[in-house]
Amino acid sequence: MWFSSVLAVICCTGRRIGSIILKNLQNMVDKSDKDVSYWLPKPKSRIDMQFHVRGVPFTLERDIIVEKSAKIVEILNEQSDDSIYQFLRNIPAHPKTFELVARFCHGFELQMSCENVLPLACLAFYLGMTESHSPNNLLSKAVTFFEQRILPCWNETIKAFLTTEDIIQQAVDTGLVGECIESLVCKAVNDPYLLGEPLVNFVNDELSEDDEFHHKPSARRKLFVSEWQSEDLTILPLSLYELTIHSMNQHAVPPRFVAASLLKYAKKWVFCSAKGDKKMSVCKTNHQREVMEAVERLLPHQKGLFPCTILFEMLRFAIHLEANVGCRNGLELRIGKQLDQATASDLLIPSRDYAKEMHYDIECVKRIIKHFYRDYNSNMEGLTAVARLIEEFLIEVASDRDLEISAFVSLVEMSSAASMGTDRSSDGIYRAIDIYLDKHSYLTESEKEEVCRGLDYHRMSAETCEHAAKNQRLPLRIVVQVLFLVQLQLRDAITREMQGPDNRLTQDEVEKDERELALNDGVQKSEMEKMSNKVMELEKECHMMRKEIEEGCIHMVKKEKTSMWREMKRKFGCINKMNNCNCQVKKKKVHPKLWP
């Protein structure tokens, strides 16, 4: 009996205690929706300060916050109570950070980490929570934790640095930004691979011994690479990333590793985010434009840091995003310095003047080529490669039906000038001209002659000359010149064939032959001039005949019936040899004397 009674009492008491706990928990939840500082102890006699930090309400005891903050003491001594409320409302901090500060003021132990130490340090500095005001104050604790636990580690430093984006000005004023950047730079100098693997898929003639030394990964890196991965600088916003890379460029960080980091940043924030996104928001487009301009501005000026293909891709995005002129000109200049590494497809840069069809920015290509020849001072292989590149590009764009004659002729002249200092023939230029004439069959004879103006016939191979002599798309005058050149080449070949096997001709005979050849040249030139004049006369006659035929067609319609009647009368003998066509058929009249 007594056992059951005790058990009933215990159960009743348990239900009463459970209801009290649930009621208290519900009150805590309700208060948490209204006031973040609900958890603070509430003594019987105190002066509370109620205010909002970015819309979040707080209630704090004035004496406790005054004990830790020198700034609030200064405001209370010099100004009214309204000023302190205004000061607290305008605190440049996140509500979660201010809540941690309030916990510290009430004696709670803080759990600092890389995510909150720098905001805590900035707010403690703003409130004047220094050692001179109160021992073991928040500012010294935060700075000590930052120096001992954050700065020695690359990953922790980047994560802590990331939290300063919203309080960048305060972090700069306190020197915390400078400390983060200095720590990252020192670590990158000691181990450049923290920035990423450099590009090694092409030859860089300007690599130094130091770069080659840093390029070889250490055995320790190979051993621990699977256990620890370095945090990437690309997680930083552009403002913080630009400050960091700018400082690395000023120190001894190898340019190849800086370029590798810049490429990763561009791929993450521009290349990858722009793929398949045809309708980007204005804010996103502006951010991508800022990133592209910053990457070009931060990229070291050393030649060969990027392959030409990547530089051309960056240039295409810069044109698409409408980056500033300095960004585009800088990329064109970098491409021009290593144009001999490019391919013809790299030069096919779309022009923004056309929305649907694929057209190419010829002026941009011409500027890049000029940069190459202005700054080039290497061997003949580079010149030959660029001459071949221009010919291939010329062949690619020749099929563009909207390519104007002036632009095509300028490219032809540029290609001809590029191949002049090399041993390349003009066969590629001729092929491009043939394609252009085929795609632009509506051109007049004079326009065709303008297209062929930059073609050097003397540098064409025999097969190409033979093809040109039979090419009906070429203007007649060009065909005549090619035929004349073929004749000269044939004569020279025969002469070399006769003189090559044996050298039995004397010097006098050689001179005599040369005089005869010179005379024959003069005769042949005069004959070709006569032929050209005859061709011009034939052209005039053809033009006149065509004009007469056109004029005759006008009168043909009016006299069609009469002409048919005249033809019938002529067939029936009504027209004599004197062209008397007005005869009439009458009954023959017999003279009476002819009858017996």
Side-chain angles (χ1 to χ4, degrees), residues 118 150-151 153-166 168-169 171-172 175-200 204 206-208 210-211 214-215 229-273 286-307 310-311 313-315 317-318 321 323-324 326-331 333-334:
L118 291 186
I150 303 299
L151 289 181
C153 181
W154 170 270
N155 288 359
E156 299 297 311
T157 303
I158 293 178
K159 292 177 182 179
F161 193 26
L162 182 61
T163 61
T164 63
E165 180 182 6
D166 297 332
I168 183 65
Q169 190 57 48
V172 170
L176 296 175
V177 169
E179 291 292 330
C180 290
I181 293 176
E182 183 178 356
S183 175
L184 294 174
V185 170
C186 292
K187 293 178 177 60
V189 170
N190 296 328
D191 187 3
Y193 281 90
L194 291 170
L195 301 177
E197 293 287 338
L199 298 174
V200 294
N204 185 356
E206 298 185 5
L207 291 181
S208 62
D210 294 337
D211 292 334
H214 285 302
H215 176 63
Q229 293 293 334
S230 62
E231 195 71 40
D232 201 347
L233 286 177
T234 57
I235 67 173
L236 295 176
L238 181 60
S239 57
L240 303 181
Y241 181 79
E242 187 170 3
L243 290 174
T244 306
I245 297 299
H246 179 71
S247 180
M248 289 185 178
N249 283 331
Q250 293 179 339
H251 293 79
V253 179
R256 288 194 304 138
F257 295 91
V258 175
S261 177
L262 288 169
L263 180 59
K264 289 167 61 177
Y265 200 84
K267 285 183 176 180
K268 179 177 181 178
W269 297 103
V270 180
F271 298 166
C272 295
S273 58
N286 293 337
H287 178 260
Q288 290 181 343
R289 184 189 307 114
E290 293 175 357
V291 171
M292 183 56 61
E293 293 173 355
V295 167
E296 191 281 326
R297 186 169 56 249
L298 295 171
L299 185 63
H301 294 282
Q302 183 178 349
K303 176 184 174 182
L305 295 176
F306 286 161
I310 294 179
L311 289 175
E313 185 177 3
M314 294 174 64
L315 179 58
F317 275 101
L321 297 172
N324 57 37
C327 176
R328 297 197 300 269
N329 291 343
L331 291 172
L333 181 60
R334 297 176 191 275

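The residues of the chain are indexed from 1 along the displayed sequence. What you see below is based on every heavy atom in this structure, not just the backbone, and it leaves out hydrogens, waters and symmetry mates.
- From R328, atom CZ reaches atom CE of M314 across 14.0 Å, with rounding to the nearest 0.5 Å.
- Taking E242 as the reference, R297 meet the salt bridge (charged side-chain N to carboxylate O under 4.0 Å, His left out) condition, with sequence neighbours excluded.
- The aromatic rings of W269 and H287 stand perpendicular to each other, their planes meeting at an angle above 60°, with 30° marking the opposite boundary.
- Two residues are said to be in side-chain contact when any heavy atoms from C-beta on lie closer than 4.5 Å; D232 and K268 fail this criterion.
- The shortest heavy-atom contact between W154 and L184 is CZ3-O, 3.4 Å.
- The closest side-chain heavy-atom distance from L199 to I310 is below 4.5 Å.
- When all heavy atoms are compared, the tightest approach of V253 to V185 is CG2-O, 4.4 Å.
- Considering only heavy atoms from C-beta on, P192 stays 4.5 Å or farther from L195 through its side chain.
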Check: Checking side-chain contact (heavy atoms from CB on, under 4.5 Å) for the pair V291/Y265: CA distance, chi angles, key distance, verdict?
Finding: CA-CA 8 Å; V291 171; Y265 200 84; 3.9 Å; yes

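- Distance check: T157 OG1 to N155 CG gives 8.5 Å after rounding to the nearest 0.5 Å.
- Contact check for F271 versus M292: side-chain heavy atoms found under the 4.5 Å cut-off.
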Check: Hey, mind stepping through K159 and T163 against side-chain hydrogen bond (donor to acceptor under 3.5 Å, both in side chains) and telling me if it holds?
Finding: CA-CA 7 Å; K159 292 177 182 179; T163 61; over 6 Å; no

Next item on the list: Kindly indicate, with the supporting measurements, whether the criterion side-chain contact (heavy atoms from CB on, under 4.5 Å) is fulfilled by C180 and L118.
Entry: CA-CA 10 Å; C180 290; L118 291 186; 4.0 Å; yes

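- One finds the CD atom of E290 at 11.0 Å from the CG atom of L321 (value rounded to the nearest 0.5 Å).
- Annotation: the span from L305 atom CG to L262 atom CG amounts to 9.5 Å, rounded to 0.5 Å.
- Note that CZ of F317 is 12.5 Å distant from CG of L331, once rounded to the nearest 0.5 Å.
- Taking all atoms of both residues into account, the shortest heavy-atom contact from A294 to L238 is CB-CD1, 3.8 Å.
- At least one donor-acceptor pair closer than 3.5 Å links the side chain of S183 to the backbone N or O of L151.
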Note to self: Is there a side-chain contact (heavy atoms from CB on, under 4.5 Å) between L298 and V258? Walk through the geometry before answering.
What the structure shows: CA-CA 9 Å; L298 295 171; V258 175; over 6 Å; no

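- Remark: N324 engages E293, C327 in a side-chain contact (heavy atoms from CB on, under 4.5 Å) (not counting sequence neighbours).
- In terms of heavy atoms, V189 sits closest to A252 at CG2-C, 4.3 Å.
- Separating the CG atom in L162 from the CG atom in L233 is a distance of 11.0 Å, to the nearest 0.5 Å.
- T244 has its side chain within reach of L236: a pair of non-hydrogen atoms, C-beta onward, lies under 4.5 Å apart.
- What you find for A323 and R289 is that their closest heavy atoms are CA-CG, 3.9 Å.
- Across every non-hydrogen atom of I181 and F161, the tightest pair is CG1-CZ, 3.9 Å.
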